[in-house]
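Have a look at the structure below, then the notes.
Please read these numbers as outputs of a predicted model, since none were measured by experiment. Lettering of chains follows the sequences in order, A, B, ..., and the numbering in each one begins at 1.
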2 protein chains.
Amino acid sequence: MVQVKQILLKDNIQAREPNKDDFIQNTVEVNESNIPDDKVLVRLVDVSVDPYLRGRMSLGKSYIEPFKPNEPILSGCVAKIEKVGKNVTNFAAGDYVAAMLPWQEKAVVSVGKDWVKVDPKMAPLPSFLSLLGMTGLTAFHGLMEIGEPKAGETLVVSAGSGAVGSVVGQIGKILGLRVVGIAGSEDKIKFMVNELKFDAGINYKSPHYKEELAAACPKGVDVYFENVGGEVSDAVWPLLNFKARIPLCGVISAYNKSADIGPRLQIPLLKTSSKMQGFIVFNYADKNPQAIKQLSQWLKEGKIKDKHTVNQGFDKIVPSFLSLFNSNHLGKMVIEISKD
Amino acid sequence: MVQVKQILLKDNIQAREPNKDDFIQNTVEVNESNIPDDKVLVRLVDVSVDPYLRGRMSLGKSYIEPFKPNEPILSGCVAKIEKVGKNVTNFAAGDYVAAMLPWQEKAVVSVGKDWVKVDPKMAPLPSFLSLLGMTGLTAFHGLMEIGEPKAGETLVVSAGSGAVGSVVGQIGKILGLRVVGIAGSEDKIKFMVNELKFDAGINYKSPHYKEELAAACPKGVDVYFENVGGEVSDAVWPLLNFKARIPLCGVISAYNKSADIGPRLQIPLLKTSSKMQGFIVFNYADKNPQAIKQLSQWLKEGKIKDKHTVNQGFDKIVPSFLSLFNSNHLGKMVIEISKD
């Protein structure tokens, strides 16, 4: 028996910002010596926190079931398999996997259908949560399948310095588009322009935000990759070109609100014959192998950067998650739980 | 020389309902005896009025240029060609055409590239403005190209008793969908259910509109054909199924407003991986021949009804147009100007 920490959701969180009191940290016992035949013992190595988890903390119909009170929260993690039950044949002790796992240092769990064995020689382990994992695939599929990017067009991406946006913009540059990133601090703007090589970075907190965005898009906007919503995006609609495409990936400005009121979208979409389409990465799971191949190649060739903000230790999971709504982190937020 | 009536736009109309003082009725002289070599003399037979014309009366960037002050208003018309200039070879005196023409009883005009010769033996002339013309093609292309209807799914159409909506719903029935029409009067509801054979008709003026709409869509909404916008449509968003499609054809509730404020659309589209796409019928012009063939066949087989509300006389053009925003007309509004 070993004592390990776990984090539970205290209760479903309705229209407000979450805080540390919404989570319960427990200690539970894990029986390491007697693994049931069809289960495995995993140890968390890296934990990913993402804004979409906020949605699962609310109640209500969505593309994915809400977390339940007093049950563990799950997120994308890299874990090491320490032991396997007799009937488990597709994984072995010593393997690393990228999987949806509970926030618990060690756990005895069933193998999920969507677990992916990852090779630590191919890329640093946190990359399997970012560029080669959920956020990189989200960026790739959303841009390619819905955004239909064409060289010479203008791509605007909100939260352009974040885990998804930073990849969207870099793919846009590789494909020959003009890329304009939107973010909320000067550090993020510098990161987008200097490190990621976006053509422009616009601070939505500027008093002249609308004018600056318009000036950065002299030929209008052909693709708007939506991560934010609210007033940040309202400034984009008047700039849409004919037949613009809007992959709708996230709406972080609305996750903590009970109602999201603003200009309705029908008129700008109608006037320009534009398309807005919501998606989740799982919709395109059949195309993951090609996407990972392409992203790995760009990473190897130095054409794309995989930026992480890494915090250390299990106790940083909740604060890292909470900071997503107000933080100045760059790229993908990862919490390193254990190292070999 | 002959004296004929014409109607001009007095000035661009900003955010308000148009009224009769926005239009100037003139008398102009037309030289019937001396047609320039590359022009034709046309006589209006039927004039179409449609809500989208309101958009062209405003200023501002859109998919089509605004009408100019003191210039004639154009709309879809059926006209008879009375004389042709020497160099006109594709039309002859006596031909009927469906064309965008000025509101002027007779006119000497150039032949447009998009003029279509119509055969009065094939269908009644007003049908070339409705089912076999712009509104029928709008319904067909929007539903087929963006709505991607599948048998067994639920299709909701707003303004379901109107020129476009009545065709959308009937095509939905032919294809085996459950069809729910939304409209604003009991006469329109009866028309949709009894004459067009929709499965249900919902009155958005009912105090229990939201509940009634939800009850009419027990399996949720797979396709929402959007003609109206505003609160009428806000009631549809909570009913969207996973991967719903929303062809965005018109927003009549917003045409007379300076701002259209309400719940933003990102959250419902994101939660359901749904798509909203604006369009105009011209985007699919290359597919008109097949569409007209299919619609004519359904008309001949009695599977689809082409309902007109016909007003008589040139002086009814403006009142008919104005009534679109408040009227109780059914199907396509047509003004009959002259008969043979």
For A:Val251 against B:Leu270, the heavy-atom pair lying closest together = CG2-CD2, 3.8 Å
message = If the contact rule is any heavy atom under 4.5 Å from chain A, which residues of residues 212-232 of chain B qualify, in numerical order?
response = B:Glu226, B:Gly229, B:Gly230, B:Glu231
query = Just wondering, are more than 12 heavy atoms of other shown residues or ligands nearer than 6.0 Å to NZ in B:Lys257?
reply = yes
request  = Check whether any side-chain heavy atom of B:Ser273 sits under 4.5 Å from a side-chain heavy atom of A:Gln277, and report yes or no.
outcome  = no
ask   = Do you know which of B:Ile261, B:Ile146, B:Leu265 has the most heavy-atom pairs under 4.5 Å to chain A?
value = B:Ile261
Tell me which donor-acceptor pairs under 3.5 Å the side chains of residues 135-143 of chain A have, and how far apart each pair is, sequence neighbours excluded?
residue: A:Thr135; atom: OG1; partner: A:Ser130; partner atom: O; Å: 3.4
residue: A:Thr138; atom: OG1; partner: A:Met134; partner atom: O; Å: 2.6
residue: A:His141; atom: NE2; partner: A:Asn288; partner atom: OD1; Å: 2.7

Minimum side-chain heavy-atom gap B:Arg264-A:Asp234 below 4.5 Å = yes
request  = Flag the pair A:Gln266 / B:Ser233 as yes when at least one side-chain heavy-atom distance between them is below 4.5 Å, and no otherwise.
outcome  = yes
query = Looking at A:Ile246, A:Ile267, A:Leu248, A:Leu269, which one has more heavy-atom pairs under 4.5 Å with chain B than the rest?
reply = A:Leu248
query = Are any of the side-chain heavy atoms of B:Asn283 and A:Phe242 separated by less than 4.5 Å?
reply = yes
query = Would one find more than 12 heavy atoms of other residues, nucleotides or ligands at under 6.0 Å from atom NZ of B:Lys150?
reply = yes
